[in-house]
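What follows is a single structure, written as structure tokens, with notes after it.
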Number of protein chains: 2
Amino acid sequence: MATRTDAPTRREQILKEAARLFAERGFHGVGVDEIGAAVGISGPGLYRHFAGKDAMLAELLVGISGQLLTGAKRRLAEADGGGAEGVLDSLIEGHIDFALDDRPLITLHDRELDRLRDSDRKMVRQLQRQYVELWVGVVREVYPGLGEPAARSAVHSVFGLLNSTPHLGRGGSLPGRGATAELLHRMARGAFAAAEV
Amino acid sequence: MATRTDAPTRREQILKEAARLFAERGFHGVGVDEIGAAVGISGPGLYRHFAGKDAMLAELLVGISGQLLTGAKRRLAEADGGGAEGVLDSLIEGHIDFALDDRPLITLHDRELDRLRDSDRKMVRQLQRQYVELWVGVVREVYPGLGEPAARSAVHSVFGLLNSTPHLGRGGSLPGRGATAELLHRMARGAFAAAEV
DNA sequence: CAGGGAGGTTAGCGGTCGTTAACCTGAAGG
DNA sequence: CCTTCAGGTTAACGACCGCTAACCTCCCTG
């Protein structure tokens, strides 16, 4: 698991707060002064750590896409020979963990992509595409009745389902993390199964 | 069906283009000059039709939420006594029609809510809540094994699934509107079924 | 103990944006 | 024919925002 125990660097603090603010009010809706204030320094101080506001967003989005893809590849490799069913469950579990633990990032991920420089956007799109295609392969193995276009649509739709976590009441009345994760998992599997034929 | 055949008013043109632009680049990412240019007039000319940029967004979001709720109430009333299954299918169908035909609005609907004045935001939230609760009631009738919190989470997640249409390749390789609608419908039902117990 | 870099600060510039002001025009109506 | 008004126009203002410049202050290190 390799959990971090040392204190987060200033850069990491900034990225975390920027992600939260961008998710809450949109990239253009947040000023650099606010981001600075969120970590206890003031506006222009951020430029000691990032080339500009765009660079923060770029690093966040590239980081998210890369993390998702890397995790998925690892899960695919780990369960090699262990049945496609198990791999799909592992993929779903990983995506749910991400959606539940990093809601702001999940929100940014499909909301602010167009605010990136061309080169960064291309990179993020490529990582996202690889991630989707990895899912599509596994899904078609588990549900052979699905054609490729249908499988791709189904995968995008299940992402929509799993990424709905920001809309689930902010920690108030929902049935706890474990139960929510389980519910989402079952629904994802049910959606895929119903997509087949 | 009461289909409109007369030409759209200028106000309606503006709202339509504003919705598209807001969905593409975000509320703060679009200038009034661009909105004006999209309908062939220039920036400040918009103020003959709207009190300001905020008013356009408010009218769009209130309109969407109201339309969704009104349509859902109508479907519930129409099929009265005709079985909860049929009502749920009708609700799903209505939501899919909306998601497929008005993608920009669906995008705005859960993205730019926080940019509204307090009073407008409260109104939209109330309409949305009524819409969700209507679904929750029907879903629990069809799937009695679902508790109320689980049903509400499931409804939000299915909305995420259905609202994924903007991510499905923009008219390129996807299997045509009818097939897409059918796929989404089956997946929604499958997700609900899998949520139960 | 000098000095230099890391990481702050405030002041301010330049551009953009929402909005208003002032003016114009063409068509409808008495 | 004169008036009125809806629906435009351009100019410009004031606020805000991203970013740079110039400066300061520790702390580490040779």
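Since the structure is predicted, the reported quantities are computational estimates derived from the model, not experimental observations.
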#### Entry: Qualifying residue, where the test is salt bridge (charged side-chain N to carboxylate O under 4.0 Å, His left out) with A:R125 and the options are A:D120, A:D118, A:D114
A:D114

With distance as the sole test, does [X] use its side chain to make a donor-acceptor pair with the main-chain N or O of [Y] at under 3.5 Å?
| X | Y | answer |
| --- | --- | --- |
| A:S164 | A:L161 | yes |
| B:K53 | B:F27 | yes |
| A:R103 | A:P166 | no |
| B:E12 | B:T9 | yes |

### Message
Quick test of your reading of the model: are B:E78 and B:R75 salt-bridged, counting only N-O distances below 4.0 Å?
### Response
no

Identify whether any heavy atom of [X] sits under 4.0 Å from a base atom; if not, whether one sits that close to sugar-phosphate; answer base, sugar-phosphate or nothing.
| X | value |
| --- | --- |
| B:G45 | base |
| B:G52 | sugar-phosphate |
| B:V39 | nothing |

### Task
Determine the minimum heavy-atom distance between B:D110 and A:H167, stating which atoms define it.
CB-CE1, 3.7 Å

### Query
How sharply is the helix from C:dC1-D:dG30 to C:dG30-D:dC1 bent, taking the axes over five pairs at either end and rounding to 10 degrees?
10°

### Message
Please list all pairs meeting side-chain hydrogen bond (donor to acceptor under 3.5 Å, both in side chains) that have one or both residues in residues 136-146 of chain B, counting only residues at least two apart or in different chains.
### Response
B:Y143-B:R189

In whole Å, I'd like the distance from the [atom1] atom of [X] to the [atom2] atom of [N].
| X | N | atom1 | atom2 | answer |
| --- | --- | --- | --- | --- |
| B:I14 | D:dA6 | CD1 | C1' | 13 Å |
| A:D54 | D:dG18 | CG | P | 10 Å |
| B:F50 | D:dG7 | CZ | C1' | 14 Å |
| A:Y47 | D:dG18 | OH | P | 7 Å |
| A:R48 | D:dA22 | CZ | P | 13 Å |
| A:H28 | D:dC16 | NE2 | P | 18 Å |
| A:D33 | D:dA15 | CG | P | 17 Å |

### Message
Between A:P44 and B:I41, which residue's closest nucleotide on DNA chain D lies nearer the 5′ terminus?
### Response
B:I41

### Task
Verify the contact: side-chain N or O of B:R10 to OP1 or OP2 of D:dA6, cut-off strictly under 4.0 Å; return yes or no.
no

### Query
Contact boundaries of DNA chain C with chain A (under 4.0 Å, heavy atoms), 5' to 3'?
C:dG7 to C:dA11

### Query
Passes salt bridge (charged side-chain N to carboxylate O under 4.0 Å, His left out), A:R129 versus A:E133? Steps please.
CA-CA 6 Å; A:R129 193 171 51 243; A:E133 293 311 315; over 6 Å; no

